[in-house]
Amino acid sequence: MSFQPRSAARSAARSAILRLTVLRTRLGHGRHARPRLVRRLALPSPDPYAVFRGPHRHKAVSAAVAAAALVGVAVAAVPGSAVAQTVHPTTPGSSAFSTAREAAPFDNLVQVSAPRPYRPAGGLKDLQQAVAVAGNLAPATPAAPQPAPPAPPAAPAPPAWSAPVPGARISYLFGTPDSGYAAGYHTGVDFAVDPGTPVHAVGAATVVSAAWDGAYGKEVVLRLADGRFAQYAHLSRLEVDPGEQVSAGQLVGASGSTGNSTGPHLHFEIRTVDTYGAVVDPVAYLTAHGVTDL
């Protein structure tokens with residue numbers, strides 16, 4: 001038995017079918033029928049894939065690929081198709097979307113580089129200078145004159161002189177004859193005050209002594225600015241030290257009943273020198289210096 005190639009057998013089959021078709025056409029439509037039309041209408045090959053193995057298989061493959069691509073595009077264009085492009089929101093509540101394949105949404109969109117913040121060449125210094133220049137270019141509006149704030153009230157000037165116990169009642173006057181005193185009279189003035197009553201310096205002075213002094217009990221002696229001495233006797237408490245500088249009205253001690261005393265009071269003297277008996281009237285002295293609350 002002779003073997004014929006498969007392609008030769010198929011060509012022979014096509015030729016037989018073509019001759020049969022031409023014969024039928026001539027019998028039914030006369031002698032002027034066109035064989036080319038009949039060839040185009042010839043029955044297809046029994047093997048549908050024979051074209052991919054024939055001499056024109058490269059063109060057939062290209063045509064099949066192009067047809068499949070057209071079908072895919074048509075299906076993707078149909079709304080609701082399973083192949084249609086799907087977008088997913090990237091941030092809840094925003095309007096930003098990204099495609100499933102990360103492709104550019106437009107053919108003419110070209111991204112030169114990744115987005116980055118604007119930074120001038122000189123850095124922060126250039127930014128600050130630009131802001132300063134912009135501020136200088138703005139028209140300056142003259143500020144309305146503001147009224148000067150009221151001056152705080154001046155602190156009252158400290159008193160130049162003070163009573164030893166302001167407003168206290170005098171219980172025993174200066175110079176009253178009394179044999180019970182070595183001088184024969186009362187050398188000071190007594191103020192009737194309760195124990196612990198604050199006792200004040202009558203003027204600017206230096207503390208000469210602050211200690212116990214026999215019959216005077218706890219005593220403070222001040223040297224005043226004019227050279228006179230102020231003496232406070234029978235105190236219950238001392239509030240200054242020798243050599244300390246004091247001003248008028250400053251606390252120097254508290255009244256009491258120490259030493260030779262029959263009850264709580266302040267015995268106060270003004271001396272010309274720091275010696276017993278060298279005294280002047282304390283009330284007259286303080287009144288001459290403007291003290292009124294005696």
Side-chain angles (χ1 to χ4, degrees), residues 149-176 181 183 185-294:
W161 295 89
S162 172
V165 278
R169 181 178 62 86
I170 296 176
S171 59
Y172 203 29
L173 292 173
F174 167 79
T176 302
Y181 296 103
Y185 61 94
H186 190 219
T187 56
V189 60
D190 290 345
F191 294 94
V193 291
D194 295 329
T197 300
V199 175
H200 305 278
V202 294
T206 302
V207 179
V208 174
S209 64
W212 182 273
D213 187 17
Y216 286 99
K218 290 183 179 181
E219 174 192 65
V220 171
V221 177
L222 305 179
R223 181 181 178 89
L224 300 173
D226 62 356
R228 304 294 175 94
F229 295 86
Q231 187 243 16
Y232 303 78
H234 311 303
L235 301 179
S236 62
R237 187 174 68 253
L238 306 176
E239 297 289 349
V240 290
D241 297 314
E244 184 178 345
Q245 300 294 318
V246 296
S247 58
Q250 183 174 335
L251 181 68
V252 296
S255 65
S257 186
T258 58
N260 292 344
S261 172
T262 59
H265 70 286
L266 170 66
H267 176 85
F268 178 73
E269 295 182 6
I270 293 292
R271 297 176 177 179
T272 56
V273 292
D274 191 15
T275 303
Y276 175 78
V279 291
V280 295
D281 185 353
V283 174
Y285 176 84
L286 294 175
T287 300
H289 287 86
V291 176
T292 59
D293 50 349
L294 293 170

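Here the structure is a predicted model, which is why all the values come from computation and not from measurement.
The aromatic rings of Tyr181 and His186 sit tilted, their planes meeting at an angle between 30° and 60°. Taking the six-membered ring for Trp and thresholds of 30 and 60 degrees, Tyr285 and Trp161 have ring planes more than 60 degrees apart, a perpendicular arrangement.
Remark: Ser236 OG to Asp194 CG distance equals 11.0 Å, nearest 0.5 Å. Expressed to the nearest 0.5 Å, how far CG of Asp293 lies from OG of Ser162 amounts to 6.5 Å. Atoms CD and CD, from Gln250 and Gln245 in turn, are 10.0 Å apart once rounded to the nearest 0.5 Å. For the atom pair CG of Asp190 and CG of Leu266, the computed distance is 7.5 Å after rounding to the nearest 0.5 Å. Separating the CG atom in Leu222 from the CD atom in Glu244 is a distance of 9.5 Å, to the nearest 0.5 Å.
Across all non-hydrogen atoms, the minimal contact from Gly217 to Thr258 is CA-OG1, 3.6 Å. Summarising the geometry of Tyr232 relative to Pro164, their closest heavy-atom pair is CE2-CB, 3.9 Å, with the distance given to 0.1 Å. Looking at every heavy atom in both residues, Val240 comes nearest to Ala210 through O-CB, 3.5 Å. Of all heavy-atom pairs spanning Phe268 and Ala230, the tightest one is CE1-CB, 3.9 Å. Nearest heavy atoms, Pro195 versus Pro264: CG-CB, 3.6 Å. Shortest non-hydrogen contact noted between Asn260 and His234 is O-CE1, 3.2 Å.
Side-chain atoms of Tyr216 do not come within 3.5 Å of backbone N or O of His267 as any donor-acceptor pair. Thr197 contributes no side-chain N or O that, together with a main-chain N or O of Ser255, makes up a donor-acceptor pair within less than 3.5 Å.
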(Q) side chain to side chain contact (heavy atoms under 4.5 Å, CB included), that's the test. Do Glu219 and Gln231 meet it? Break it down for me. (A) CA-CA 7 Å; Glu219 174 192 65; Gln231 187 243 16; 2.4 Å; yes
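Looking at heavy atoms from C-beta onward, Phe229 lies out of side-chain contact with Ile270 at the 4.5 angstrom threshold. Side chains of Arg228 and Val280 form a contact here, defined as non-hydrogen atoms less than 4.5 Å apart. Val199 places none of its side-chain heavy atoms less than 4.5 Å from the side chain of Leu251. Side-chain contact between Val220 and Leu238: present, with at least one pair of heavy atoms (C-beta onward) separated by less than 4.5 Å. Asp226 is listed as a side-chain neighbour of His289, based on a closest heavy-atom distance under 4.5 Å.
Under the side chain to side chain contact (heavy atoms under 4.5 Å, CB included) rule, Pro282 has a single partner from Val189, Thr187, Val291, which is Val189.
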